[in-house]
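Have a look at the structure below before the remarks.
Letters A, B, ... mirror the listed sequences (proteins, then strands); counts begin at 1. Only this structure's heavy atoms are used, side chains among them; waters, hydrogens and symmetry mates stay out. Given the structure is predicted, the values throughout are model-derived calculations rather than measurements.
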Amino acid sequence: MRTKLKTKYQLYKMPEKDILDTLKAIVTPYVQNKEGLENFNEKTDFLNDLKINSANLVDVVLDVEDEFNIEIDTESMNGMLTAGDAKNIILEKMS
Amino acid sequence: MIGNDIIDLKISLGKNNWKRKGFINKLFSEEEQDWILNSRNQELTIWLLWAMKESAYKAHQRRFELPRSFNPKAYRCEIIEDKIASVSGKVSIDKNSYLTKASISKEYIYCYATLHNFTNFAQKIYFQPTNLKLELINAVSKQQNLPKEKISIKKTSQFIPFLIFENQKLFCNFSVTHHGDFSAFILELRN
């Protein structure tokens, strides 16, 4: 189960590894290649490694917004293709 | 240049994710959102516009060998002729535009995008699980009169697929798509 985080304060102190763990939980329902989750890391590519349907990428973006209480603008969304991209966007938006 | 996209409607319809706050706004321009809201079947219109954007994106990315980007809103759709089961349109990105043609049935939406209206192509849609790569290689083999055993498909660092014949890149534009059990390829033919 993933923990629901409420405030920016809690997120601010969130270690990067926890961000990746939360991301993994967020993407899991959309993953078509479950093997890709086994070694989930910053290089994990949403489309090519996890085979997430491109139409579901927007669901991932919306889930990340809800979970981390941030807003992902169009420009950031354009480059959100790997777990590392997402992590960096989250860190940037929370700083 | 060419791109295609297939949507298996039994997977996409009835999911309600499109009703989420922000979903439509992240994918569609205000004008497109108006069409969706005023259309008879909003959900179907969403996936039609999505298939148009996706197929134009593929054609555009291949044409300029662009790095991948998830920027659906930058692709602006226009409907030119709507005959319900067949919708012609145009998708513009920056100063470029692509012509699209979509077929809509109860089961699927299939759309392809070409740079010119005179582009010649061969395409095939499969409604059962298929080895699409093999089907594409067979088609290329027949079209170019090359032994199929020596043709393979690789991907560029930007994940754009290309065809190889005996270690040489074949300059042959194509696009593949799959969703659920459905898949399709489109292959540009030289005049």
Side-chain angles (χ1 to χ4, degrees), chain A residues 2 4-6 23 25-36 41-90 92-94, chain B residues 3-9 11-13 15-29 43 46-58 61 66-76 93-94 109 111 155-161 175 177-183:
Chain A
R2 71 191 205 221
K4 189 84 190 169
L5 292 150
K6 300 283 185 229
L23 273 172
I26 287 173
V27 300
T28 298
Y30 309 111
V31 170
Q32 295 183 78
N33 176 30
K34 299 287 180 196
E35 285 170 17
N41 63 59
E42 293 203 13
K43 286 190 179 141
T44 300
D45 191 289
F46 294 147
L47 300 169
N48 287 285
D49 296 327
L50 303 179
K51 305 284 177 210
I52 294 176
N53 191 277
S54 52
N56 282 133
L57 267 189
V58 70
D59 292 301
V60 172
V61 172
L62 293 170
D63 288 348
V64 168
E65 287 189 335
D66 289 350
E67 189 72 34
F68 293 92
N69 197 23
I70 54 173
E71 197 183 322
I72 297 173
D73 52 76
T74 309
E75 201 184 320
S76 303
M77 186 173 90
N78 291 355
M80 209 175 108
L81 299 166
T82 65
D85 295 336
K87 190 204 75 181
N88 290 335
I89 291 162
I90 292 162
E92 182 203 327
K93 299 292 171 192
M94 288 187 327
Chain B
N4 69 351
D5 190 51
I6 195 158
I7 296 175
D8 183 342
L9 291 176
I11 296 176
S12 296
L13 292 184
K15 286 287 187 289
N16 284 331
N17 57 340
W18 61 280
K19 290 180 181 164
R20 289 180 74 174
K21 186 172 171 280
F23 184 95
I24 287 181
N25 196 37
K26 285 226 181 311
L27 299 181
F28 302 106
S29 70
E43 197 178 11
I46 285 172
W47 295 117
L48 165 67
L49 294 177
W50 173 261
M52 287 170 67
K53 285 175 190 249
E54 186 78 7
S55 51
Y57 165 81
K58 286 182 182 172
Q61 195 210 6
L66 298 172
R68 293 179 309 153
S69 175
F70 183 57
N71 56 344
K73 221 171 169 171
Y75 289 77
R76 298 175 309 278
I93 166 82
D94 304 325
I109 297 175
C111 186
K155 278 185 177 176
T156 65
S157 59
Q158 295 305 326
F159 305 100
I160 301 174
S175 173
T177 175
H178 34 79
H179 190 215
D181 290 341
F182 299 165
S183 59

- [ ] Sequence neighbours left out, what pairs pass salt bridge (Lys or Arg N to Asp or Glu O under 4.0 Å) with at least one residue falling in residues 68-82 of chain A?
- [x] Asp73(A)-Lys93(A)
Open item on the list: What part of Glu65(A) gets within 4.5 angstrom of chain B, counting heavy atoms only: side chain, backbone, both, or neither?
Closed with: side chain
TODO: Residue by residue, scan residues 77-86 of chain A and write down, ordered by number, those that have a heavy-atom distance under 4.5 Å to chain B; if none do, write 'none'.
DONE: Met77(A), Asn78(A), Leu81(A)
Open item on the list: With salt bridge (Lys or Arg N to Asp or Glu O under 4.0 Å) as the rule and sequence neighbours excluded, what pairs involving residues 46-60 of chain A come up?
Closed with: Asp59(A)-Arg20(B)
Task: Contact check, side chains of Asn56(A) and Asn17(B), non-hydrogen atoms, under 4.5 Å - done: yes
TODO: Check whether Lys21(B) gets within reach of chain A through its side chain, its backbone, both or neither, counting any heavy atom under 4.5 Å.
DONE: backbone
- [ ] Identify which of Leu62(A), Leu57(A), Val61(A) forms the greatest number of heavy-atom pairs closer than 4.5 Å to chain B.
- [x] Leu62(A)
- [ ] State which residues pass side chain to side chain donor-acceptor pair (under 3.5 Å) with Arg68(B); sequence neighbours excluded, sorted by chain then number.
- [x] Asp45(A)
Open item on the list: How about NZ on Lys43(A), more than 12 heavy atoms from neighbouring residues, nucleotides or ligands closer than 6.0 Å, or not?
Closed with: no
Open item on the list: Show the nearest heavy-atom pair for residues Trp47(B) and Ala55(A), with the distance to one decimal.
Closed with: CZ3-CB, 3.5 Å
Task: Segment of Phe23(B) engaging chain A (4.5 angstrom heavy-atom cut-off) - done: both
Open item on the list: At a 4.5 Å cut-off on heavy atoms, which part of Pro72(B) comes close to chain A: side chain, backbone, both, or neither?
Closed with: side chain
